[in-house]
**Q** 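Structure in structure tokens, see below.
Values below: all heavy atoms of this structure, side chains included; hydrogens, waters and symmetry mates excluded. Per chain, numbering begins at 1; letters A, B, ... match sequence-line order.
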There are 2 protein chains.
Amino acid sequence: MAGDASLPGPRPGRRVTSADVARASGVSRATVSYVLNNVANKSVSESTRQLVLATAQRLGHIPYAPARSLRLGRSDIVLALVRDLTYGYIHDRVLEVLDVALARRGFVLLIHRYSEQVRPLSELWPMVAPALVVSMGGLSVPEMSSIQDSRAKLVGVQGLFPHERAGEMQVEYLHSRGHRRIGYAFPANPSVELIAAERLAGARRACARLGIPEPVLQEVDLNDGDTVFAALDAWAAAPEAITGVCAHNDDIALMLSSGLTARGLRAGTDLAVIGVDNIPLARIGITTVEINADAFADQIVQSVLDTLDDRVAEPKQRELLRLIVRDSA
Amino acid sequence: MAGDASLPGPRPGRRVTSADVARASGVSRATVSYVLNNVANKSVSESTRQLVLATAQRLGHIPYAPARSLRLGRSDIVLALVRDLTYGYIHDRVLEVLDVALARRGFVLLIHRYSEQVRPLSELWPMVAPALVVSMGGLSVPEMSSIQDSRAKLVGVQGLFPHERAGEMQVEYLHSRGHRRIGYAFPANPSVELIAAERLAGARRACARLGIPEPVLQEVDLNDGDTVFAALDAWAAAPEAITGVCAHNDDIALMLSSGLTARGLRAGTDLAVIGVDNIPLARIGITTVEINADAFADQIVQSVLDTLDDRVAEPKQRELLRLIVRDSA
DNA sequence: TTGTACGCGTTATCAG
DNA sequence: CTGATAACGCGTACAA
């Protein structure tokens, strides 16, 4: 029994290190590392290999990420910066596809709900040391330079997506259906402001090109039903009544549709409403500009992998948008 | 020029370490560490303090997370395991509140979209070394033991939430409005199966207690509008027609409502529909069992902080559910 | 204020 | 071919 106690057994309350595995296996730490990492060019006899594997398993050894990263000079973390998780459907799909692609390359995708008020980016790097940062929204100049300082690579999603075109397509469709006075439902949520501005700009451009008046802007807050009714009233009270509305996205289009229903009216017959996204909930009755989530995701994945490999990204634009006509417009 | 070259200047292409700052400041690495960490009980003269701070700033030094974690034996990462980001509103709110609370404690919340098929949990620990894991869905037994092996603390969200009660409240409300034949719209998405089963169980229990037949189950797939119409048909064709339906959540309730509208019917008059969540989109017209997201978030935060401090959690149950009556039921 | 040992995994170099 | 020794990455904190 005294013999047992003097043996360098498992240290209580401490992490199981590769050194523990080495001791218990009667081999060196180097050998353990070679075995655990399947290092090529290093021949280890099958017997020791099995012994090390079994011992590691038995002791429950898990290589400690910080030590690995310190030695390797890089972490396997890709950090996605997101302002808001409720972007919903498209975002979720993109992040899923991205994580699968990264997994094949030995990286892991972690998502951070980023807000400058909670914690400046500069405080993020001493806590996480990502190999690459994917920014899912816009970034300010100081934010971008902070990422540069952190030595993480950076991929921005903004710019990859033709938001203006989406706004244009909405107006073009409404125009083709005879609508000449168009409303625009702009989101109140500040976290989508940049995107929203682009879509609106596209709608405005299309109106100008088609020779119809600028869209009549109304702000709609997803968290406040009153704003929906206020918008409907404003459009109805316009000098020349609005007959068709572009909604920033399907969520807002759905709210407008619900608002109409609540008033005994109906989207499509009393007021044309068109959204953007083609979210599942919209698939009953909402006319929309569909975003091809998979194609969009592929572009981002391509961009991320290129950046990880220090390749220059070849911008292979694919068609991401498609009109889907349903009852609401 | 030769003199310049022999100076230990900034090493090209390499990280700026605290040693670089120490050299450039003409002080020891220890001093740099003390200054940068504002260590109490360590008197550093104001002049060197300012010098070090300025030098660090000038060189763009950022403490390297892996080295910190290795030395301290802990990382500042709290990892939230999520099956699916489209849980939406409630989840987003919870994760926001949690991150704010963790920020105050010097931790950062990172979210991982977890799927066993993409990457087993055991491969996650060598990449991330979280101080604590928050599981936002259910975990299997091997998954839980994998977390144990990783030496991360674990907080499960399941169990904190009275899902059965939500199902009960739905049935109780429909019953109070005179409905005796009740349908149940069950989500097809497997990632919410555990939660959904609990809500359904509650609905069943309430039916039994009230002496009405079991709810007639129909599966509804958010991504497939046909399932909505199939469900509506099935309920209408039941031996005794269904007059009220409990939806697993507001998204499904909204789909049912849209389906009714598409058929020229209306939720509330032709078929009563009640959801769960009170998501923003539901706030026009959908009767629902509201989840108090902030109170729910507070519970989780409390649980997380208790676990981080190795305190035993005191289960301070608050009322999380509230009936909200609108047009749809 | 400083010197230095430490945390842990990786890998170049060396010995049998 | 099989394996061991030792240096390294970087920040922290104890002893001096």
**Q** About how many Å separate CG of A:Asn292 and CG of A:Asp294, when rounded to the nearest 0.5 Å?
**A**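 The CG atom of A:Asp294 sits 6.0 Å away from the CG atom of A:Asn292.
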
**Q** Quick one: is B:Thr48 getting a side-chain N or O under 4.0 Å of the C:dT1 phosphate, OP1 or OP2?
**A**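 It does, given that an N or O in the side chain of B:Thr48 lies less than 4.0 Å from OP1 or OP2 of C:dT1.
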
**Q** Just to be sure I understand the geometry, which residues of residues 67-77 of chain B put a non-hydrogen atom under 4.0 Å away from DNA chain C?
**A** B:Ala67, B:Leu70, B:Arg71

**Q** Have a look at A:Ser28 and say if it touches a base, only the backbone sugar-phosphate, or nothing, with a 4.0 Å heavy-atom cut-off.
**A** base

**Q** Charged N to carboxylate O under 4.0 angstrom, B:Arg113 versus A:Asp92?
**A** yes

**Q** Which part of the nucleic acid does B:Val32 contact within heavy-atom distance under 4.0 Å: base, sugar-phosphate only, or nothing?
**A** nothing

**Q** Is the shortest side-chain N/O distance from A:Thr31 to OP1 or OP2 of D:dA4 below 4.0 Å?
**A**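 Answer yes for this pair, as a side-chain N or O of A:Thr31 is under 4.0 Å from OP1 or OP2.
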
**Q** Between B:Arg14 and D:dG9, does any side-chain N or O lie under 4.0 Å from OP1 or OP2?
**A**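 Affirmative; the distance criterion is met.
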
**Q** In whole angstrom, give the distance that lies between atom CD of A:Glu46 and atom C1' of D:dG3.
**A** 16 Å

**Q** Go through the steps to decide whether A:Val128 and A:Leu110 satisfy the test side-chain contact (heavy atoms from CB on, under 4.5 Å), and finish with yes or no.
**A** CA-CA 10 Å; A:Val128 190; A:Leu110 300 181; 5.5 Å; no

**Q** When rounded to the nearest 0.5 angstrom, what is the spacing between CG in A:Asp99 and NE2 in B:His112?
**A** 5.0 Å

**Q** Atom CD of A:Gln50 and atom C1' of D:dT2: how far apart are they, to the nearest Å?
**A**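 Taking CD of A:Gln50 and C1' of D:dT2, I get 16 Å after rounding.
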
**Q** Between A:Val39 and B:Tyr34, which residue's closest nucleotide on DNA chain C lies nearer the 5′ terminus?
**A**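 Mapping each residue to its closest nucleotide by heavy atoms, the 5'-most match is B:Tyr34.
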
**Q** Is a donor-acceptor contact shorter than 3.5 angstrom present between the side chain of A:Arg29 and the base of D:dT5?
**A**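 By the distance-only test, no, there is no pair.
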
**Q** With a 4.5 Å heavy-atom cut-off, do B:Val108 and B:Val78 have their side chains touching?
**A**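 When only atoms from C-beta onward are counted, B:Val78 and B:Val108 do not touch, as no gap falls below 4.5 Å.
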
**Q** Any idea which of C:dT11, C:dT2, D:dC10 is nearest the B:Ala30 side chain?
**A**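 Out of C:dT11, C:dT2, D:dC10, the nucleotide with an atom closest to B:Ala30's side chain is C:dT2.
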
**Q** Hey, is A:Asp20 close enough to A:Arg14 for a salt bridge, meaning N to O under 4.0 Å?
**A**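 Looking at A:Asp20 and A:Arg14, the cut-off is not met.
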
**Q** So B:Ser69 and B:Ser75, side-chain hydrogen bond (donor to acceptor under 3.5 Å, both in side chains) or not? Walk me through it.
**A** CA-CA 5 Å; B:Ser69 300; B:Ser75 84; 5.2 Å; no

**Q** Whole-Å distance between C:dG9 P and A:Asn38 CG?
**A** 17 Å

**Q** Given that B:Val27 and B:Pro66 both sit by DNA chain C, which one's nearest nucleotide is further toward the 5' end?
**A** B:Val27

**Q** For the pair made of CG in B:Asn41 and C1' in D:dA15, what is the distance, rounded to whole Å?
**A** 15 Å

**Q** Whole angstrom is fine here: how far is it from CZ in A:Arg23 over to C1' in D:dT5?
**A** 16 Å

**Q** Identify which nucleotide among D:dG9, D:dG11, C:dT1 has an atom closest to any side-chain atom of B:Ser18, counting heavy atoms from C-beta outward.
**A** D:dG11

**Q** Per the salt bridge (Lys or Arg N to Asp or Glu O under 4.0 Å) rule, what does the pair list look like for residues 131-156 of chain A, sequence neighbours excluded?
**A** A:Arg83-A:Glu143, A:Lys153-A:Asp310

**Q** Can you find a donor-acceptor N/O pair under 3.5 angstrom joining the side chain of B:Arg15 to the base of D:dG9?
**A**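 Between D:dG9 and B:Arg15, which were checked side chain against base, a qualifying N/O pair under 3.5 Å is absent.
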
**Q** Measure the distance from CG on B:Asp20 to C1' on D:dG9 and round it to the nearest whole Å.
**A**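 That distance rounds to 13 Å.
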
**Q** Between C1' on D:dC10 and OH on A:Tyr64, what's the gap in Å once rounded to a whole number?
**A** 14 Å

**Q** Counting only side-chain N and O atoms of A:Asn37, is one of them less than 4.0 Å from OP1 or OP2 of C:dG9?
**A**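 A:Asn37 to C:dG9 OP1/OP2: no side-chain N or O under 4.0 Å.
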
**Q** Nearest whole angstrom, please: distance from the P of D:dA15 to the NZ of B:Lys42.
**A**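 Checked: the NZ to P distance equals 10 Å.
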
**Q** Distance check: side-chain N/O of B:Thr17 vs OP1/OP2 of D:dC10, anything under 4.0 Å?
**A** no

